[in-house]
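Accompanying notes for the structure given below.
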Amino acid sequence: MLDLTYDMPKPKIIAGAKHDWELVIGLEVHAQVSSNAKLFSGASTAFGAEPNSNVSFVDAAMPGMLPVINEYCVEQAVRTGLGLKADINLVSAFDRKNYFYPDLPQGYQISQLYHPIVGEGEVLVELGDGTARQVRIERIHLEQDAGKSIHDMDPHMSFVDLNRTGVALMEIVSRPDIRGPEEAAAYVTKLRQILRYLGTCDGNMQNGNMRADVNVSICLPGAYEKYQETQDFSHLGTRCEIKNMNSMRFIQAAIEIEARRQIAIVEAGGKVDQETRLYDPDKNETRSMRSKEEAHDYRYFPDPDLMPLEIEQGWVDDIQASLPELPDEKKSRFINDFSLSDYDASVLTAEAESAEYFESVAEGRDGKLAANWVINELFGRLKKDDLDITDSPVSPAQLGGIIELISAETISGKIAKDLFEIVFNEGGDPAVIVEERGMKQVTDTGAIEAALDQIIADNPAQVEKAKVNPKLAGWFVGQVMKATGGKANPKAVNQLVAQKLAQ
Ligand code: ADP
Ligand code: MG
């Protein structure tokens, strides 16, 4: 069980001219499955390849070609489902969703409308202020991606790139449990984090490997609670769906502006039409793409080229047993084992690689000190050089060595920063560097006392002032530190200064 307790976040309220309104949001996230080959063909999924170079006869829908399911993509979908604590359906099936588009050579997309591979699951969405919401997952289905039409390369022609055609996508459909723009972004962030931990989607939103259709409706306070009690959608407002969002910032802006549009309509006595809309970031507005009346009739039917997909419980159990520790569990363990704050544990577990790094630094050492050093010094320094944690010039063993020197009071915190910079730039064993370069902290009170006596003797006026105003003691501490090249143990210096000035 998770050892984290959170309060329920409040829904976002938008004040209209007449009423306060609440938001209701449900997301359909399309996540590209991490796999070298496509869902039904052996063609490569490599990003950035020469246009139309990763296209097999199946992807190009040549006559007589038959799809063959890629077992690894199925495994990835199952792994994702298990990671979201969802039901796995041992029998699922593929349907054809028929529509015409130049970048869809088959004339249909193979998807799973009626029998998805994954059923109900859940995602804990933490908002960073001590509140969190459990967002229910309705289903995850596997489907093919379409190709890309390019309209801006030639004034007279459009081009089609089929490299993406047939790449496996997981469509992860949430219940309408999200109650504000920040929550929507936090949900996508959490989902992305879990998928990256699982290794089932790289979550690269810029490359379009994760994109979301955002469903938004508004309701009066109290209506959502009625929906929750009854699961009856008629308590909710009519939703509009904003298609294909691939930026956290735009998701938030689009939700807010779409909610305000709906509020204005309803308060003016109108009705919201259920429709698909597009967000225009330049104008910060959503525009109608198609209304429900013009919605496609996809004429879904089971794909006759593909048998229903049957998987065995034993295989699902094997995948379950191979799951890595997931973010919630890792975070809660970090809080318990290393006495970290909720915030620090969140930062350190945001990426599996950072968590792993931290853990090898913290193991057997002072966890809090390790967290401070990883978050404040290491992350900051890596960012400055635009480096990834996996490319850190300072290894966990080296940082661990620095931390041991601090814990043993061999070096002061200040010297430790210099030492870190040396290790970062030149490498080497921290303990050896400290030895060779004489960076050891002076805890020998005799040496500190000698330095302090000299300073007192040289500055009688300053001594008189400090005797009446104890705040000036800091000046002496600073002078001793300077005289000892920053190597004096600050605790010892403070004590001695206080003693001497009291005499
Ligand atoms: P479709 O394929 O027609 O978009 P789906 O059932 O696949 O329908 O997805 C509907 C999405 O809309 C789900 O994420 C669901 O949670 C969300 N949704 C349903 N009703 C509402 C509502 N009233 N307000 C906001 N979101 C909603
Ligand atoms: Mg939809």
Side-chain angles (χ1 to χ4, degrees), residues 11-12 14 21-31 84 86 95-99 109 111-123 125 133-143 169-181 183-185 187-188 190-191 210-245 251-252 254-263 265-266 271-279 286 288-300:
K12 162 123 182 166
I14 296 184
W21 295 91
E22 288 183 7
L23 276 60
V24 176
I25 301 154
L27 260 59
E28 298 158 83
V29 171
H30 297 264
L84 301 176
D95 306 296
R96 285 188 183 177
K97 178 180 181 178
N98 298 280
Y99 64 99
Q109 176 194 32
S111 181
Q112 297 190 305
L113 178 69
Y114 301 109
H115 303 287
I117 183 155
V118 178
E120 300 204 341
E122 60 187 34
V123 177
V125 179
R133 194 186 297 283
Q134 200 69 253
V135 172
R136 293 168 299 162
I137 300 292
E138 183 181 316
R139 55 188 273 153
I140 303 175
H141 57 259
L142 274 169
E143 63 183 28
L169 299 180
M170 298 179 280
E171 180 167 330
I172 306 169
V173 183
S174 87
R175 297 273 180 200
D177 288 349
I178 300 162
R179 307 303 313 281
E183 271 186 46
Y187 167 77
V188 177
K190 186 62 178 283
L191 203 56
M210 216 175 144
R211 39 196 206 264
D213 298 343
V214 182
N215 296 271
V216 181
S217 67
I218 52 161
C219 65
L220 292 171
Y224 186 80
E225 286 69 21
K226 287 204 185 107
Y227 155 72
Q228 279 291 15
E229 264 164 44
T230 57
Q231 293 300 307
D232 177 353
F233 281 88
S234 70
H235 292 295
L236 300 180
T238 304
R239 72 181 154 109
C240 286
E241 177 182 24
I242 313 162
K243 274 276 178 209
N244 245 333
M245 310 283 300
I251 287 175
Q252 297 187 58
I255 291 171
E256 171 109 24
I257 208 70
E258 173 59 16
R260 289 185 187 278
R261 185 188 72 88
Q262 293 180 13
I263 291 169
I265 293 173
V266 175
K271 268 174 59 184
V272 173
D273 289 328
Q274 183 175 341
E275 58 184 4
T276 303
R277 301 179 69 84
L278 280 181
Y279 176 66
T286 64
S288 182
M289 202 175 138
R290 52 175 185 257
S291 70
K292 204 180 177 193
E293 288 72 47
E294 350 159 21
H296 296 140
D297 180 352
Y298 292 117
R299 305 203 174 234
Y300 276 99

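Start at 1 and go down the list; that is how both ligands and their atoms are numbered. Computation of the quantities below employed the complete heavy-atom set of this structure, encompassing side-chain atoms and omitting hydrogens, waters and symmetry-equivalent molecules. If you read the sequence from its start, that first residue is 1, and numbering goes on from there.
- Listed by number with element, the atoms of ligand 1 under 4.0 Å from a non-hydrogen atom of L236 are 23 (N).
- For atom 18 (N) of ligand 1, the nearest non-hydrogen atom from the set R136, K243, R239 belongs to R239.
- The aromatic rings of Y114 and Y300 sit perpendicular to each other, their planes meeting at more than 60°, with 30° as the lower class boundary.
- A salt bridge links E241 with K243: the closest approach of a Lys/Arg side-chain nitrogen to an acidic carboxylate oxygen falls below 4.0 angstrom.
- Less than 4.0 angstrom separates some heavy atom of S217 from each of these atoms of ligand 1: 22 (C), 23 (N), 24 (N), 25 (C).
- With hydrogens and angles left out, the side-chain atoms of R239 and N215 include a donor and acceptor closer than 3.5 Å.
- No side-chain donor from either of D177 and Q134 sits under 3.5 Å from a side-chain acceptor of the other.
- Under 4.0 Å is where a charged nitrogen must lie from a carboxylate oxygen, and between E183 and K12 no such pair does.
- Counting heavy atoms closer than 4.0 Å to ligand 1, residue L27 contributes backbone atoms (N, CA, C, O) but none from C-beta onward.
- For a threshold of 3.5 Å applied to N or O pairs, the pair formed by S174 and ligand 1 contains at least one separation below that value.
- Across the listed options Q274, H141, E138, E138 owns the non-hydrogen atom lying nearest to atom 6 (O) of ligand 1.
- One finds a salt bridge joining R179 and E22 here, because a Lys/Arg side-chain nitrogen approaches an Asp/Glu carboxylate oxygen to under 4.0 Å.
- Residue contact check: V173 has heavy atoms under 4.0 Å from atoms 13 (C), 14 (O) of ligand 1.
- In this structure, a donor-acceptor pair under 3.5 Å is present between the side chains of Q228 and Y224.
- Taking all heavy atoms of S234, G237, P176, A212 into account, the minimum distance to atom 23 (N) of ligand 1 is reached by G237.
- Side chain to side chain, E258 and Q262 meet the donor-acceptor criterion of an N or O pair below 3.5 Å.
- Distances below 4.0 Å separate heavy atoms of V24 from the following atoms of ligand 1: 24 (N), 25 (C).
- Of all the atoms in ligand 1, the ones that sit under 4.0 Å from a non-hydrogen atom of F233 are 19 (C), 20 (N).
- The ligand atoms of ligand 1 that sit less than 4.0 angstrom from a heavy atom of R175 are 16 (O).
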